[in-house]
Amino acid sequence: MALREAPARFPVAIIGPGALGSFFASRLSKVVATALIGRETQPLPQADWVVILVKAYDTAAAVRTARRMRPTGVVSLQNGLVQRVPQGVTTAAAYRVGKRVVPVASGSTLLPSGFETLARHLREAGFDARVVADIRAARLRKLLANVCLNPVTALFRVPNGALLQPPYVMFAEALAAEAAAALVAEGLKITAGEAVRRVMEVAKTTARNRSSMLQDVLAGRRTENDYLTGALLRLARRHQVAVPTHRAFYRLIRVIEQRLESDGQRRERNVR
Ligand SMILES: NC(=O)c1ccc[n+]([C@@H]2O[C@H](COP(=O)([O-])OP(=O)(O)OC[C@H]3O[C@@H](n4cnc5c(N)ncnc54)[C@H](OP(=O)(O)O)[C@@H]3O)[C@@H](O)[C@H]2O)c1
């Protein structure tokens with residue numbers, strides 16, 4: 001879908017017309033011609049700057065699509081650690097209610113070097129966006145918040161702010177301290193105490209929000225567990241750092257997902 005006129009080559013394209021992709025595209029299209037690309041989009045236009053905003057488990061297909069658009073640069077703003085393309089970080093937030101997209105916050109968006117033009121387009125569209133030299137540290141800090149907030153809120157079905165209070169605070173603190181050890185081994189400069197404070201700060205500023213993993217569980221969708229906690233487990237294994245609380249939460253979320261999958265299959269059989 002082209003959100004403005006349809007030039008031969010779009011300055012910006014977004015792959016993934018979901019909550020965040022639609023939010024970015026609707027604002028960008030007011031200042032620059034922006035293509036919003038879904039699974040079924042054809043024919044594909046060419047584009048200068050392509051932003052990947054599919055769920056992490058759909059990244060491979062989205063990157064193949066991006067390459068076919070003959071881009072100058074492709075960047076992911078997904079959560080988790082994806083390996084296939086340069087990755088930025090965003091705290092912009094939106095969610096879907098059926099087909100409607102509800103923006104939550106325009107947040108701040110950090111991009112790797114080389115994406116200055118895209119950052120300018122985003123700023124013109126009203127987003128707080130900039131290029132940072134150490135994007136890897138920003139991604140690891142985002143991973144820290146994600147692996148502490150998402151599994152606890154999804155398992156207990158509580159909003160982010162619940163992590164500030166007993167009984168959930170003890171899980172958040174244990175997860176933050178364990179994650180810090182793995183992230184330090186990966187090169188991030190952070191102490192266990194700073195990691196706990198950072199997670200609590202995010203829980204406070206997003207207190208009323210439902211995490212993406214909680215939204216996925218409530219909607220019966222697959223979660224990004226493999227790319228959030230799973231990514232941390234892989235880092236920890238590589239550096240031989242013990243993260244038993246993360247391992248437990250990873251397995252618990254996996255059990256929930258398996259139950260959602262078998263419920264879905266049962267519903268499908270009953271419909272046939
Ligand atoms: N939502 C937020 O507030 C937020 C905030 C920060 C980061 N993020 C991250 O941003 C990413 C996207 O999140 P989201 O909440 O926007 O997810 P979402 O609402 O599920 O949207 C993903 C969209 O991508 C589409 N898609 C899947 N595979 C595709 C492909 N190969 N080509 C084109 N489109 C494809 C999906 O189509 P179908 O519906 O057909 O599957 C869906 O429309 C995730 O990694 C998430 O963690 C989200």
Side-chain angles (χ1 to χ4, degrees), residues 1-3 13-28 34-45 47 50-69 71 74-85 87-111 122 127-129 138-139 141-147 149-151 153-154 159-160 202 205-206 208-232 253 264:
M1 174 174 52
L3 291 176
I14 293 187
I15 301 185
L20 206 53
S22 300
F23 178 34
F24 274 112
S26 73
R27 281 223 194 154
L28 277 163
T34 302
L36 182 56
I37 309 294
R39 284 179 200 275
E40 316 295 342
T41 302
Q42 47 184 303
L44 281 178
V50 180
V51 182
I52 307 265
L53 272 170
V54 300
K55 286 286 172 73
Y57 43 80
D58 285 321
T59 305
V63 171
R64 279 196 298 276
T65 301
R67 302 264 185 248
R68 287 169 50 210
M69 299 171 78
V74 181
V75 68
S76 154
L77 288 178
Q78 298 160 281
N79 277 329
L81 298 184
V82 300
Q83 308 292 341
R84 296 163 193 271
V85 282
Q87 196 175 1
V89 170
T90 187
T91 57
Y95 62 90
R96 286 192 282 179
V97 183
K99 293 203 162 148
R100 195 164 61 92
V101 171
V102 183
V104 175
S106 51
S108 86
T109 299
L110 306 179
L111 294 170
L122 285 166
F127 292 99
D128 171 16
R139 285 171 51 198
R141 278 195 294 272
K142 181 84 192 284
L143 184 68
L144 167 69
N146 274 326
V147 297
L149 283 137
N150 275 287
T153 53
N160 291 356
V202 177
T205 53
T206 61
R208 294 170 65 180
N209 294 6
R210 286 178 172 174
S211 72
S212 63
M213 197 176 279
L214 173 57
Q215 288 179 46
D216 288 339
V217 165
L218 293 175
R221 290 189 297 252
R222 181 177 170 187
T223 75
E224 294 183 300
N225 193 30
D226 280 338
Y227 302 85
L228 299 175
T229 303
L232 186 85
I253 297 296

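Quick caveat: nothing in here was measured; it's all calculated off a predicted structure. Ligands are counted one by one from 1 in listed order, and the atoms in each one are counted from 1 as well. Heavy-atom basis, side chains included; hydrogens, waters and symmetry copies ignored.
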Tabulate distances under 3.5 Å between N/O atoms of ligand 1 and N/O atoms of the protein, writing both atom names on each line.
{"unit_1": "ligand 1", "atom_1": "1 (N)", "unit_2": "A94", "atom_2": "O", "d": "2.9"}
{"unit_1": "ligand 1", "atom_1": "3 (O)", "unit_2": "A94", "atom_2": "N", "d": "2.9"}
{"unit_1": "ligand 1", "atom_1": "3 (O)", "unit_2": "A94", "atom_2": "O", "d": "3.1"}
{"unit_1": "ligand 1", "atom_1": "16 (O)", "unit_2": "A19", "atom_2": "N", "d": "3.2"}
{"unit_1": "ligand 1", "atom_1": "16 (O)", "unit_2": "L20", "atom_2": "N", "d": "2.9"}
{"unit_1": "ligand 1", "atom_1": "19 (O)", "unit_2": "A19", "atom_2": "N", "d": "2.9"}
{"unit_1": "ligand 1", "atom_1": "19 (O)", "unit_2": "R96", "atom_2": "NE", "d": "3.0"}
{"unit_1": "ligand 1", "atom_1": "19 (O)", "unit_2": "R96", "atom_2": "NH2", "d": "3.2"}
{"unit_1": "ligand 1", "atom_1": "20 (O)", "unit_2": "R96", "atom_2": "NH2", "d": "3.0"}
{"unit_1": "ligand 1", "atom_1": "40 (O)", "unit_2": "R39", "atom_2": "NE", "d": "2.9"}
{"unit_1": "ligand 1", "atom_1": "41 (O)", "unit_2": "R39", "atom_2": "NE", "d": "3.4"}
{"unit_1": "ligand 1", "atom_1": "41 (O)", "unit_2": "R39", "atom_2": "NH2", "d": "2.7"}
{"unit_1": "ligand 1", "atom_1": "43 (O)", "unit_2": "G18", "atom_2": "N", "d": "3.4"}
{"unit_1": "ligand 1", "atom_1": "45 (O)", "unit_2": "N79", "atom_2": "N", "d": "3.2"}
{"unit_1": "ligand 1", "atom_1": "45 (O)", "unit_2": "E224", "atom_2": "OE2", "d": "2.7"}
{"unit_1": "ligand 1", "atom_1": "47 (O)", "unit_2": "N79", "atom_2": "ND2", "d": "3.0"}
{"unit_1": "ligand 1", "atom_1": "47 (O)", "unit_2": "E224", "atom_2": "OE1", "d": "2.5"}

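- Under the side chain to side chain donor-acceptor pair (under 3.5 Å) criterion, S211 pairs with N150, T153, not counting sequence neighbours.
- A donor-acceptor pair shorter than 3.5 Å can be found between the side chains of N79 and N146.
- Of all non-hydrogen atoms in V54 and A62, the two that sit nearest each other are CG2-CB, 3.8 Å.
- With hydrogens and angles left out, the side-chain atoms of R139 and Q87 include a donor and acceptor closer than 3.5 Å.
- For the residue pair Q78 / T59, a side-chain donor-acceptor distance below 3.5 Å is found, with atom types taken as modelled.
- The aromatic rings of F127 and F23 sit perpendicular, their planes meeting at an angle over 60°, well past the 30° parallel limit.
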